[in-house]
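Here's the structure, in structure tokens; my notes come after.
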Amino acid sequence: MQVRTTFNGTRVHPGLRGSITNLSEDNFTPEGLTFGVLEGMARELYDMYSLMRAGTGLEAERLVASGNGLRMNPVLQEICRRMFHAELSLAEYKEEAACGAAISGTIAVGRELA
């Protein structure tokens, strides 16, 4: 089973929608569908990475991931490691968005006080 998770399209193809293909009575299980969605999520990231790699010639040796989707899901972490052929590290701080907002706020306040 293959799940395309482009529910709202992509940057290149905004009209593209999600789909599930290659269903059979053997693979249409809750586990198969869940794995397919996780793999589809990783595939979207990998497709964007492939475009950047083609345009720059740069290749990732290591991934630094942020967000609870990856932090809390070892299966998704392994899917990303395999798909990208790269080691995966999690961001140092949890709640990355809140941490980034706090750092940005501190910098902005510091500038106003200077």
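Both backbone and side-chain heavy atoms feed into the values below; hydrogens, waters and symmetry mates do not. All residue numbers in this chain count up from 1 along the given sequence.
Of all non-hydrogen atoms in N73 and G69, the two that sit nearest each other are CB-O, 3.2 Å. Of all heavy-atom pairs spanning T29 and M1, the tightest one is N-CE, 4.5 Å.
If you take CD on E39 and OG1 on T34, they are separated by 12.5 Å, rounding to the nearest 0.5 Å. For the atom pair CG of L70 and OG of S89, the computed distance is 12.0 Å after rounding to the nearest 0.5 Å. For the atom pair CZ (R43) and OG1 (T6), the distance works out to 12.5 Å, reported to the nearest 0.5 Å. With rounding to the nearest 0.5 angstrom, the CE atom of M41 is 8.0 Å from the SG atom of C80. Interatomic distance, CD of Q2 versus OG1 of T21, reported as 5.0 Å (0.5 Å rounding). The line from CG of L38 to CD1 of I79 is 5.0 Å long, rounded to the nearest 0.5 Å.
L16 and V3 end up in different hydrophobic clusters when Ile, Leu, Val, Met, Phe, Trp and Tyr side chains are linked at under 4.5 Å. Grouping the Ile, Leu, Val, Met, Phe, Trp and Tyr side chains by contacts below 4.5 angstrom, directly or via other members, places F28 with V37. Criterion: ILVMFWY side-chain heavy atoms under 4.5 Å apart, direct or through other members. Under it, L90 and L76 are not part of a common hydrophobic cluster.
At a cut-off of 3.5 Å, with distance as the only test, a side-chain donor of T5 or E44 sits close to an acceptor on the other residue.
Applying the salt bridge (charged side-chain N to carboxylate O under 4.0 Å, His left out) test to pairs two or more places apart or on separate chains, those with a residue in residues 78-98 are R71-E96, E78-R81, E78-R82, R81-E87.
Residues S24 and N27 are in side-chain contact: their nearest non-hydrogen atoms beyond the backbone lie under 4.5 Å apart.
The ring pair (Phe, Tyr, Trp, His ring centres under 6.0 Å) search around Y46 returns Y49, F84, not counting sequence neighbours.
Residue R17 qualifies as enclosed at atom CZ: its count of foreign heavy atoms under 6.0 Å is above 12.
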### Task
Could you walk me through whether V64 and L88 pass the side chain to side chain contact (heavy atoms under 4.5 Å, CB included) test, one step at a time?
CA-CA 6 Å; V64 178; L88 178 75; over 6 Å; no

